[in-house]
Amino acid sequence: MSYNPQKIEAKWQKFWKTKKLYSVKDLEKGRKNFYHLVMFPYPSGDLHIGHWYNFAPADVYARFKRLQGFNVMSPMGFDAFGLPAEQAAIKRKIHPEKWTLNNIKTMVNQFEAMGNIYDWSRMIITCLPEYYKWNQWIFLKLFEKGLAYRKKAPANWCDNCKSILANEQAEGGKCWRCEGPVEQKEIDQWLLRITDYADRLLEDLDSLDWPERTKIMQKNWIGRSEGAEIEFPISNSNLKIKIFTTRADTVPGVTYLVVAPEHSLIKTLEARIRNINSVREYLDRARRKSELERMTESKSKSGVELQGITAINPFTKKEVPVWVSDYVLAGYGTGAIMAVPAHDERDFEFAKKFGLQIIQVVSDDGKSNELKEAYTGDGAMVNSKDLDNLPNNIAKDRIIEMINGKKKINYRFHDWLISRQRYWGTPIPIIYCKKCGAVPVPEKDLPVLLPKISDYTPEAGKSPLARSEKFVKTKCPKCGDPAERETDTMDTFVDSSWYYIRYTDPKNSKSLADIKKVKEWLPVKMYIGGAEHAVMHLLYARFFTKFLYDEGLINFQEPFLSLRHQGIILGTDGQKMSKSRGNVVDPDELVSKFGADSVRLYLCFMGEYHLGGPWNPTGILGVHRFLNRAYQFVGKFSKPVSKTSKNKEAVEHLLHKTIKKVGDDIELQKFNTAISALMVLLNEMEKNPENCTKEMAESFLKLLAPFAPHLTEELWNNLGNKKSIYLESWPEYSKKYIIDEKVELIIQINGRLRDKLLVARGMQQLEIEEMVMKSEKIKQALNNAKPKKIIFVADKLINLVV
RNA sequence: GCUCUCGUGGCGGAAUUGGCAUACGCGCGUGGCUUAGGACCACGUCCCGCAAGGGUUAGAGGUUCAAAUCCUCUCGAGAGCACCA
């Protein structure tokens, strides 16, 4: 009999479907609920091998949990709004909805071929009104609480995508989607006040079982810093320049101020700036520079002095010049800084270049020295009048008080900008009325349907929806006057910020989810997805969860208790897979050659899950051979076998050790070593089939079941079992088999292996020493030398030091 | 530039966390069995050496009875941050 995966897999996929084996009830007697979730995919067309890597090993974990006795919910859906649908639609001249829903159909079929445990009755598609209605509903709640607001401000603009981006999506001056350069553009936009939640978002990180790296990234992104706001009066004027600093102790060393090119002061004091022409020229140049250029040119600083304008150092009362430079960011703090060249590297560099004064005020040896570089450490105050010799950390608070500074906490991140000037997204449910202003659409009128229009090509700064008169023209819900709808749509990250809640109650038309079901399932126990979402999706989702908690709609404050990242599969050449490189691995082809079980198994076996790595085209042969051998071996037990197994002890020991190892490893998502343990077990059983029993073969199948669901169902059935193997439970190991009675003890001389000894567990040192001295090898190696010292580790080793 | 993580055969990778380095698999070699398929089976496969033995975890040094694992430096790779005042 030969292993025919194609036949077996189709058969069992049908079986699972007709038996509804994976549709999950909200409550099952005697079983604990376990919510297992993988980040839902974008419906891009076909499942590629990267998708397989995200979903198949994650499914191994879910199946393992199910076998352990949990009532596992593992739902799947599609993050269906977004730019690529529009772009594909424009290119192919079909409606984005049609394109998206077609893709979803294909992908659902491909998912079924993967043999996953998904409960398709809970599927979510975010571009359908039944889903995005609740985006709008949540938006209105945020609006009601003042957490959604409209503002005209410079925003990140990607000219390729013709859209505004959130800061999280414009990292490093590049668009997260197309990698094109990001420019600044003034535009009216909707923002969500995520910064109100900054401290909670920071504090609650500690309680999460997340990769440390990811937590650090979120911490850095939020970027909390404690400091003070200090005002510097402008000479001969009532105006003041407000700055933010974390080093108030260095105020005595402030020798100039710098404002960002966008700072309002320049315009206000235009008339007094003597060199206004060269200042304007500088501002022009700075504006033309893209964010990217500003960063790459960060090495050499540029700037112009605002001649005719000086400020007063509030500590020394001395006049200091004011400069404009693009090394100061408009978006952080107040857009202006106090410069302390002696104690800040950037200021030092700037001062050196433009010949500005450098005054040391903190010193590690209490003396004022010639500085070759900025001194950023702690020390005692110098050149600071009465404060001299005081530790700088104490001087800090003293100075803030003396100069009427205000303690302040600043955050690096900004409010979340959600307006998108695009068609394929959730309409923002706001109506503009000349009399009443921005009026929320009443709840009863939700959803505001996305109209079917025929021309959704983007236009700079304006949503395609603005061209649909039918959509735009409406009546003010408050006063009934003619009014206009908001035409921007929401960032698709809004959709994914709460979808995990919707899975618990996906068809609810009365609320986003029934609180009873929410309590039954949430928070998510295990969440799996790419590390690239560390500061986007994962931060937004945490924010939404906290908001919905505050609204009393859910009973938990963190959505994902445990988080794991998968790695990325690279092409055979070690490069990122792409069609242009021609190094794309086609999973469908592999499935038709080797079967889905082999593909699943190989993806788990190829290395550490969170690392990924290059694809090895012959590697899959190894696991395929293994499955084939398992098929042949277990097949032997489908007929009654003689019960003469004489020496099953040895195999029994190994089996129990394997049960422990495979369970422990899957729990840690170390799938590769779990599989290698299964291989070792099968190798051993194959060598001694006469010492194996049917029960052993059954245990082996259960251990293999999470990895190779189709094959194990087939073999389980062949052994005479009528019900699915997934209605069984994970085998238990007994301690007596885990601990061997005899252990192999290593004998070392000076730390080098010389001999081995098989001894009873727990044997004492003296007894062992005696045995060691009788060993020929040891006698020879010792060559009559007497051990000076003997190190003994029970059941492990004895080391003779000569 | 800064921070973090990591460097183990021809390749993917193991190593109970300081205690037998190279498990498991790929590839390769030899032989067998097959009328060929990316099949299967057996044996071998870190380096030097006929052997006894010796050497080996990027490189150099250190701590220790004992180091892939801990410390220091150098080199290399990956990730994150990159004017955040």
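Only this structure's heavy atoms are used, side chains among them; waters, hydrogens and symmetry mates stay out. Given the structure is predicted, the values throughout are model-derived calculations rather than measurements. First the proteins, then the strands, lettered A, B, ... as listed; each starts at 1.
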Reading nucleotides 19-27 of chain B from 5' to 3' and marking B where a protein heavy atom lies under 4.0 Å of the base, S where only the sugar-phosphate is that close, and - otherwise, the string is BB--BBSSS
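Listed by first and then second residue, the salt bridge (charged side-chain N to carboxylate O under 4.0 Å, His left out) pairs that reach into residues 597-620 of chain A are A:D59-A:R600, sequence neighbours excluded. Residue pairs meeting the salt bridge (charged side-chain N to carboxylate O under 4.0 Å, His left out) criterion with at least one member in residues 619-634 of chain A, sequence neighbours excluded, are A:R629-A:E686.
B:G55 and B:A66 have their P atoms separated by 14 Å, with the value rounded to a whole Å. B:A58 and B:C6 have their P atoms separated by 13 Å, with the value rounded to a whole Å. Here, B:U57 and B:C47 have their P atoms 15 Å apart, quoted to the whole Å. B:C73 and B:G29 have their P atoms separated by 46 Å, with the value rounded to a whole Å. Look at the C1' atom in both B:G10 and B:A79: the space between them is 28 Å, to the nearest Å. Of the P atoms belonging to B:U64 and B:C71, the separation is 16 Å, rounded to the nearest Å.
You'll find a donor-acceptor pair under 3.5 Å spanning the side chain of A:K301 and the base of B:C83, going by distance alone.
Remark: A:F594 pairs with A:H624 by the ring pair (Phe, Tyr, Trp, His ring centres under 6.0 Å) rule, at least two apart or across chains. For A:I409, the side chain to side chain contact (heavy atoms under 4.5 Å, CB included) partners at least two apart in sequence or on another chain are A:R224, A:E226, A:Y411. A:F626 pairs by the ring pair (Phe, Tyr, Trp, His ring centres under 6.0 Å) definition with nothing, not counting sequence neighbours.
Using a 4.0 Å cut-off between charged side-chain N and carboxylate O, A:D397 and A:K407 make a salt bridge.
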